[in-house]
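Within every chain, numbering begins at 1; the chains are lettered A, B, ... in the order of the sequence lines, protein sequences first and strands thereafter.
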Number of protein chains: 2
Amino acid sequence: MATVTIRDVAREAKVSPGTVSRAMNDSPLVSEATRQRILEVVKTLNYSPNLTARKLSLGKTLTISVVLPFLTRPAYTERLNGVIATLNSSHYDLTIHAVQSPDQRDVIFQDVIHHKRSDGVLIISLPSKDSEVEFLSNAEIPIILIDAFHPELNMLDQVFIDDIEGGKMATRHLIEHGHKKIGYIGDIFDTPFRFSSSRDRYRGYRLALKDADIPFFDEYYAEDEHGRLEARHLALKMLNSNHPPTAIFAYSDTTAWGVMEAAQELGVKIPEDLSLIGFDDIELAEYLKLTTIHQPLFDSGQRGMELLLDKLESPQKNAVQEKQNIQLIIRQTTAPPK
Amino acid sequence: MATVTIRDVAREAKVSPGTVSRAMNDSPLVSEATRQRILEVVKTLNYSPNLTARKLSLGKTLTISVVLPFLTRPAYTERLNGVIATLNSSHYDLTIHAVQSPDQRDVIFQDVIHHKRSDGVLIISLPSKDSEVEFLSNAEIPIILIDAFHPELNMLDQVFIDDIEGGKMATRHLIEHGHKKIGYIGDIFDTPFRFSSSRDRYRGYRLALKDADIPFFDEYYAEDEHGRLEARHLALKMLNSNHPPTAIFAYSDTTAWGVMEAAQELGVKIPEDLSLIGFDDIELAEYLKLTTIHQPLFDSGQRGMELLLDKLESPQKNAVQEKQNIQLIIRQTTAPPK
DNA sequence: CGGTTTAATTAAACCGATTTAATTATACGG
DNA sequence: CCGTATAATTAAATCGGTTTAATTAAACCG
């Protein structure tokens, strides 16, 4: 079962390897007659070109790298699905680099971008450090940032939402219902992964409070690693305090889910005793009847990949920073306070 | 910014390219002095070897392919996570081939296995057709099947659960509560993707009924594409029929979720009016307090990847078929009938 | 009919590494 | 001091394609 090479085909078809190559790549420099003969031989020998050799010769990797956090949140999976769906029609391979720990993050960043493993890179939900700006902007291959906005990286294509605006939007909705005691439960700000959306949504929250002249109290802010259970703990504590909030803005739908569990545990009724708003609008949100801020997850992956493919086609094109729309989805977890 | 090649390093260090190669690959055939000198130059020139050239030269792709369905179910994502986590420590790249349509399935199977794009393949949740047995068993690279058991492919490593036993286990639990009118809601049997677990769980269900001398009625079986909404429709219909079941075995937790929605809609109380058992034990199941059959999802991916890495190390090793344990998790959706 | 295009094909260089075979330098033993 | 074993290095072949430059063959034209 020795592997068949282009030279075997050439010999059999009584032509040179170059001609075989051209025949297979639809070059107009081959006569129809020989092309047919060659394709015939290709079929009988069951020849298929060695991709590695092809890549080396072409000077391309025909590969796209995706760097994203370990798939622990539905939001990541959805974005990845958007990426995959869009790539599927092209001839590129997709290699994933899922970041599981902060050290890994840095290694992977360096590795993927520097070592020319791929023709282009998509970075999802992993914001860049300021110290990385230079090295990212000098990369020789196109890099697209999805949900990882950085203002100084405007030479890169970016797809993002305005988390500050989203935070405002959510908080305003609660305020409009008449709430004044509004808690925020979010992710750790200073995570080594550099996730920044919790910080931004919190900023929006504070801005909305300020706009409405509602004072902020420290006990209305709580943070921990992302997760349902973590959020449940934080919510239990906040709801059990002396001055429990009448509404909570949860950083994500998963966070909100944890809050709902806590409320249930304490016999706090939603939305009667507590209004709750989440963020993302994952599938679960509908089932939970959770009021939330919708952001396009699948679309962001799709759009990012489209931009990358564009860039690979025409590298000279200017980078675009594309802000995607977000939207308040009112369901049944928000109401005026009693 | 011309790319630095091994020849540049060689010239700068006043040695031949071969020596540079050896120095970088820790060959003992280089004196310590020259190795140091070379590594010095490597650093100043910021050289990193071209992976494609390396692969071609080594005759390896240093890549592992994962073929799996589009990530529409938490179970797929979990398995993939297991794969990723295990691979991460190795030096292989991971390329994903997510199957979105039946035609794609076949193309990808052929492509991935035949074209030597990778050193090994993991196939997840995509059972093989009988017509593929030969071509899979003749593959030149190792293939591992995860959740895609096929009895005739015993020359391949396989990681699987006994879905028939699982189906029995679930059904027996309902029977032990005293149920006799037990419905089954599952996936379409004859899906072009060849998913087979619904069929097997259904078989287990029938066997358990038979063992307990409980007659089966056609109206207690319903199938549709997998999904919460689809399951909801099926359940609505089944629960609204003249002889509604007192218990339902749902093919998956997601399916069970749909059934719960339907029950809620109809005012059918769980577990008082209807017992419900699911399958998989995804994160959501705990929240739903759903009684279910637990299967190791993350672990299956992990184990599959371990087996693959083993096989790549020592190809002569015998293939193993590894059955993983499943387990009844009793929560709050099952009870005796009224 | 000879010179010039044009079309089709071949030969050879190239992509950038690894590795085998050949070569040089060094050490060692009698 | 010479032959030989050993260590270190170089030169060249190789992996399997693509592509440029060179060559041949056929067509065209005045």
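If you check every strand for non-hydrogen atoms under 4.0 Å, Val30(A) touches sugar and phosphate atoms only. Residue contacts for Thr52(A): at a heavy-atom cut-off of 4.0 Å it reaches no nucleic acid atom on any strand shown. Heavy atoms of Gly59(B) sit nowhere under 4.0 angstrom from any nucleic acid atom.
In this structure, CG of Leu62(B) is placed 13 Å from C1' of dT18(C), rounded to the nearest angstrom. The distance between atom NZ of Lys60(A) and atom C1' of dT18(D), rounded to the nearest whole Å, is 12 Å. Rounding to whole angstrom units, CE of residue Met24(B) and P of dG16(C) are separated by 16 Å. Atom CG in Leu29(B) sits roughly 13 Å away from atom C1' in dT10(D) (whole-Å rounding). Residue Arg11(A) contributes atom CZ, which lies 14 Å from atom P of dT10(C) at whole-angstrom precision. At whole-Å resolution of the value, NZ in Lys55(B) and P in dT18(C) are 13 Å apart. In this entry the distance linking CZ of Arg7(A) with C1' of dT10(C) reads 13 Å, nearest Å. Distance CG (Leu58(A)) to C1' (dT19(D)): 10 Å, rounded to an integer number of Å.
Below 30°, between 30° and 60°, or above 60°: for Phe160(B) and Phe149(B) the angle between ring planes is between 30° and 60°, a tilted geometry.
The side chain of Arg22(B) lies closest to dT19(C), out of dG16(D), dT19(C), dA17(C). Nearest nucleotide to the Pro49(A) side chain, out of dA17(C), dG17(D), dT19(C): dG17(D). The nucleotide whose nearest atom lies closest to any side-chain atom of Leu56(A) is, among dG17(D), dT10(D), dG16(C), dG16(C). Checked against dT10(D), dG16(D), dA17(C), the side chain of Ser16(B) finds its nearest nucleotide in dT10(D).
Nearest-nucleotide mapping onto DNA chain D: of Arg35(B) and Asn50(A), the residue sitting toward the 5' end is Arg35(B).
Residue Asn25(B) places at least one side-chain N or O under 4.0 Å from the OP1 or OP2 atom of dT18(C). At least one side-chain nitrogen or oxygen of Thr34(B) sits closer than 4.0 Å to the OP1 or OP2 atom of dT9(D). Of the side-chain N and O atoms in Ser21(A), one or more sit less than 4.0 angstrom from OP1 or OP2 of dT18(D). OP1 or OP2 of dT9(C) lies within a sub-4.0 Å distance of a side-chain N or O belonging to Ser31(A). Side-chain N/O atoms of Arg54(B) include one lying less than 4.0 angstrom from OP1 or OP2 on dT18(C). Note on Ser57(B): every side-chain N or O is 4.0 Å or more away from OP1 and OP2 of dT19(C).
Shown here, dC29(D) forms a base pair with dG2(C); the pair counts as Watson-Crick or G-U wobble because both key distances fall under 3.5 Å.
Atoms CD and NZ, from Glu12(A) and Lys14(A) in turn, are 7.0 Å apart once rounded to the nearest 0.5 Å.
A salt bridge does not link Glu40(B) with Arg37(B): none of the charged nitrogens is closer than 4.0 Å to a carboxylate oxygen. Using a cutoff of 4.0 Å between basic side-chain nitrogens and carboxylate oxygens, Asp157(A) and Lys317(A) are not scored as salt-bridged.
Between Thr3(A) and Asp8(A), the shortest heavy-atom distance links the atoms O-OD2, 3.7 Å.
Side-chain atoms of Thr61(A) and Lys116(A), non-hydrogen and from C-beta on, never get closer than 4.5 Å to each other.
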